[in-house]
Amino acid sequence: MTAVYLAWIGYGLEDPTTIALSLAASLLAGRLLYRLVETPCMTLHTRLVQANRRAPPPPLVNPL
């Protein structure tokens, strides 16, 4: 999508500007998805998993 827009304003697909801006756009999109989707889901997952986890059994005592 970024490359199509840059081609429309006069930059070719092999132009270093197109490559750099496409790379920057994809990194920005990945970072936004991580912050807006992955982080809240993992927080919720951690909260739910901790609520369902049972307490560990007590350690075995050696009768000797």
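For the numbers below, each heavy atom of this structure counts, side chains included, while hydrogens, waters and symmetry mates do not.
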For I19, which fellow cluster members are found when Ile, Leu, Val, Met, Phe, Trp and Tyr are connected by side-chain heavy-atom distances below 4.5 angstrom, either directly or through intermediates? none
Using a 4.5 Å side-chain heavy-atom cut-off and chaining through intermediate ILVMFWY residues, the residues clustered with L23 come out as L27
Listing, residues 28-43 side-chain donor-acceptor contacts under 3.5 Å, not counting sequence neighbours, or none:
{"unit_1": "T39", "atom_1": "OG1", "unit_2": "Y34", "atom_2": "O", "d": "3.1"}
{"unit_1": "T43", "atom_1": "OG1", "unit_2": "T39", "atom_2": "O", "d": "2.8"}

